[in-house]
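Reading through the structure tokens given below for one structure.
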2 protein chains.
Amino acid sequence: MTPASEPRWLTEAEQDAWYAWRRMFPLVNAEIARDLGQDSGLSEADYDVLSVLGQTDGHRMRISALAELMRWSRSRLSHQLTRMEQRGIVRREEVATDGRGAEVVLTDTGVAAITDAAPLHVKSVRRHLIDILTPEQLQALAEVGEVLRHRFGAARKGRD
Amino acid sequence: MTPASEPRWLTEAEQDAWYAWRRMFPLVNAEIARDLGQDSGLSEADYDVLSVLGQTDGHRMRISALAELMRWSRSRLSHQLTRMEQRGIVRREEVATDGRGAEVVLTDTGVAAITDAAPLHVKSVRRHLIDILTPEQLQALAEVGEVLRHRFGAARKGRD
DNA sequence: TCTACCTGGTTGACACGTCACTCACATAAC
DNA sequence: GTTATGTGAGTGACGTGTCAACCAGGTAGA
């Protein structure tokens, strides 16, 4: 085999960005997740599901619709719901119009959980991320997110 | 109980930043991890361990030193090494000077794995992140990373 | 020496995510 | 109606990460 042409290794500036990227997310997210667990007994996954359901009419949604909204795989959501159901914060219900379908419903416990957790969570997010950065830095983050979102939206073609 | 004072909810700009933050990292990392798996049969965790060991003298390191360098828990590293050892890319060896200690060593297979994987990985990182962003955006990321690193360095006090 | 503590490292239980597979119901083609 | 195909959802195996408990070997003080 002829040797592959030497790849374009990262410049120093690019390495800085890449290492920052790799480091900062786990760092911040671990702190926020820890807070969430200690303050409210919830994982980030729990919180995400609860907060979406908490904003829906009747605190219920078709499972596949929820998965699509959250951009989770159905499998992932199914596993998550199983764990949440065992803890009594959500409940699955069959849906009359389609024998295959099912809905998730927040239980009263679930409603209480997300209601109690939300203010503490905001505080935590502020403390570990938002309030640390300048408005310019926040805007830069949003901008980068936007660029990447478009890039991947395009890459995934019709799948969206 | 008296109701807690209304928390400072996120402004729209802050929400944009927060959602971007939450979304972009899994998005990009999933792509890069997928590439790594398909191109080289490695997970990101594998790659990280291999690339550190690949740069050390004799392709070996004390396990606790490796954990500290990577900022992994010893437990996490131990689990990871067990899996890697089963696949033959690293090997554990006892160390003579300390009856408790152990070293990890790259096997020949491991050396080959990281050597082959590195150029492909750089290409993937460029494609999914670095080459998509402008130098200004890369710099903004590095800067944000720096701010957060300091913030958490301070928060963790002497633990570093 | 005996004891107490520290340290390096492993282990087990559990939460989480992915993948591939399965199963039941729905729908369209014939 | 029967058959093929699609779709909603769950399951099992496995990789990964955390936490707490454990164990063996070192170290220091009585």
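Quick note on labels: first sequence line is chain A, next is B, and so on, each numbered from 1. These figures come from a predicted structure and were not determined experimentally. Side-chain atoms are counted along with the backbone in the values below, which use heavy atoms only and exclude waters and symmetry mates.
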Whole angstroms only, please: what is the CD-P distance between B:Gln38 and C:dT18? 15 Å

With a 4.5 Å cut-off on side-chain heavy atoms, are A:Val125 and A:His121 touching? yes

Tell me: CZ of B:Arg71 to P of D:dT18, nearest whole Å? 15 Å

Please report the distance, rounded to the nearest Å, between CH2 in B:Trp72 and P in C:dT10. 14 Å

Which letters describe nucleotides 3-13 of chain D, given B = protein heavy atom under 4.0 Å from base, S = only from sugar-phosphate, - = neither? ---BBBBBBB-

On DNA chain C, more 5' by nearest nucleotide between A:Thr97 and A:Ser73 is A:Ser73

Taking salt bridge (charged side-chain N to carboxylate O under 4.0 Å, His left out) as the definition, give me every residue that meets it alongside B:Glu93, ordered by chain and number, with sequence neighbours left out. B:Arg60, B:Arg91

Could you state the atom-to-atom distance from CZ of B:Arg76 to C1' of D:dA20 in whole Å? 18 Å

Who else is in B:Trp72's hydrophobic cluster (ILVMFWY, side-chain heavy atoms under 4.5 Å, direct or via others)? B:Leu36, B:Leu42, B:Tyr47, B:Val49, B:Leu50, B:Val52, B:Leu53, B:Met61, B:Ile63, B:Leu66, B:Leu69, B:Met70, B:Leu77, B:Leu81, B:Met84, B:Ile89, B:Val90, B:Val104, B:Leu106, B:Val111, B:Ile114

Provide, to the nearest angstrom, the distance between the CE atom belonging to B:Met61 and the P atom belonging to C:dG8. 15 Å

DNA chain D: 5'-proximal contact among A:Arg34 and B:Glu44 (nearest heavy atom): B:Glu44

All salt bridge (charged side-chain N to carboxylate O under 4.0 Å, His left out) counterparts of B:Arg127, not counting sequence neighbours: B:Asp35

Sorted by chain and number, sequence neighbours left out, side-chain contact (heavy atoms from CB on, under 4.5 Å) with B:Leu129 holds for A:Trp18, A:Trp21, A:Leu148, B:Val28, B:Leu133

Report the distance from atom CD1 of B:Ile32 to atom P of C:dT18, rounded to the nearest whole Å. 16 Å

Could you give the CD1-to-C1' distance, from A:Ile89 to C:dA15, as a whole number of Å? 13 Å

Sequence neighbours excluded, which residues qualify as salt bridge (charged side-chain N to carboxylate O under 4.0 Å, His left out) partners of B:Arg74? none

To the nearest Å, how far apart are B:Glu94 CD and D:dG26 C1'? 16 Å

Nearest 0.5 Å, please: how far is CD in A:Gln15 from CH2 in A:Trp9? 10.5 Å

From the options C:dC16, D:dG17, C:dT18, select the nucleotide whose nearest atom is closest to the side chain of A:Arg83. C:dC16

